[in-house]
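Take a look at the structure set out below.
Below, read A as the first sequence line, B as the second, and so on, with proteins coming before strands; counting in each chain starts at 1.
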2 protein chains.
Amino acid sequence: MKLTEAKAQFISSWGAFGTHWGINRTMAQIHALLLISPDPITQDDIMEQLSISRGNVNMNTRDLIGWGLVERVLIPGERKEFFSAEKDIWKVATQIIKERKKRELDPMLKLLAQLEQIEGDKKDREVKQFTETISGIRKFGGQADKVLDVMIKADENWVLNSLLKFFK
Amino acid sequence: MKLTEAKAQFISSWGAFGTHWGINRTMAQIHALLLISPDPITQDDIMEQLSISRGNVNMNTRDLIGWGLVERVLIPGERKEFFSAEKDIWKVATQIIKERKKRELDPMLKLLAQLEQIEGDKKDREVKQFTETISGIRKFGGQADKVLDVMIKADENWVLNSLLKFFK
DNA sequence: ATATATTTTCAATAAGTTTTGAAAATTCAA
DNA sequence: TTGAATTTTCAAAACTTATTGAAAATATAT
């Protein structure tokens, strides 16, 4: 397989993959393109390589920056802005976990804690099942939360860091 | 907070939460409803409680069964079919992980293995960055794959099982 | 067998999301 | 300043996905 074909395939699959992970197709495709670009590239490069509009590139690069996966790079002597993606996959994964935890898991756990304190007769089958389900999810979520925190902070913890080196 | 209000909130949030996890809103809402129902319920119960059409319930319960999260229950003397959800959250999580691994991670790793064997001059910056990125993702994905397999099979492994009891 | 209850299918439609592109805003150099 | 280059915004259009509902299929009781 030639580079051009392989690139196209990677970008397309990473885009499809992204849609399953709360990241939209184009955002994931731009991310893919940046991951395989050895040097920072411009809005126009992205527009051209992915055949998408300027507005689209602008919005999605902004989102990628919001996710902490991409950064703007200023190149001396160049008027245009350049974009570059974090290439260390461990850092990419950590960053995504961190963001999703903040955006999804944390608010869910907060809600569950409230729902657990429902008023009502505990002998009522409905009430009983409701509180049992909510508390089961909350406990599980709480543990997941802790595990993820540990992963995110792995770099500050040498025991874990050495364990996690396997992943790097 | 009263049960009725709490139920509505839980169903609505679980639905929103699901959309971030590759599960559609309605499917997640039906799942939520089943999770808090002490007894199996019918299509009509679901239609009524969530105000959705018969066809919608039918398709989504079918999908939930496909994900291994819900099962049909036959109640002696009843003409209608009843549905019931697995209530053990650890099992629910395991099942979701198993399915998503099969549907998403495995095919991605297969593709990456192919893309890694690209033809081309390794001194070319483009080629170099491409293979480095692909191989980085593949290695990371491969480790994740192993970890997930271990989690899925935890019940067969007592050391892990005792570790994982924390989650249960 | 027939009637009735129940489930399934799927084309049409509705709802939601992404993309475009042109106008407005901003940045920068002379 | 002014003007050209560049980036940003956002309403409208295109596209995608989810939902409805009625007809067809299936199952069950008599």
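Remark: C1' of C:dA5 and CD1 of B:Ile75 are 17 Å apart, rounded to the nearest angstrom. Straight-line distance from the CD atom of A:Glu78 to the P atom of C:dA29: 12 Å, rounded to whole Å. Counting to the nearest Å, the P atom of C:dT17 and the CG atom of B:Asn24 are 12 Å from each other. The interatomic distance linking A:His20 (NE2) with D:dT17 (C1') rounds to 13 Å, in whole Å. In this structure, the CE atom of B:Met59 is 9 Å from the C1' atom of C:dT8, given to the nearest Å.
Looking at heavy-atom distances under 4.0 Å, B:Arg54 makes contact with a base.
Taking only side-chain atoms of B:Lys80, from C-beta outward, the nucleotide of C:dT20, D:dT19, C:dT7 with the closest atom is C:dT7. Listed candidates were C:dT8, D:dA27, D:dT19. Nearest to the side chain of B:Arg79 is D:dA27.
Interatomic distance, CD1 of A:Ile46 versus CG of A:Leu34, reported as 5.0 Å (0.5 Å rounding). We find the CD-NE2 distance between B:Glu86 and B:His31 to be 8.5 Å, quoted to the nearest 0.5 Å.
Heavy-atom nearest nucleotides on DNA chain D were determined for A:Arg72 and for A:Arg25, and the one closer to the 5' end corresponds to A:Arg72.
The shortest distance between the side-chain N/O atoms of A:Asn58 and the OP1/OP2 oxygens of D:dT8 is below 4.0 Å.
Side-chain contact between B:Ile152 and B:Lys101 is present, with at least one heavy-atom pair separated by less than 4.5 Å.
Side chain to side chain, A:Asp45 and A:Thr42 meet the donor-acceptor criterion of an N or O pair below 3.5 Å.
Contacts of residues 35-52 of chain A with DNA chain C (heavy atom under 4.0 Å): A:Ser51, A:Ile52.
Residues B:Lys128 and B:Asp121 are not paired through a salt bridge, judged by the lack of any N-O separation under 4.0 Å between the basic side chain and the carboxylate.
Across A:Ile41, A:Thr61, A:Asn56, a single residue satisfies side chain to side chain contact (heavy atoms under 4.5 Å, CB included) together with A:Ile30, and that is A:Thr61.
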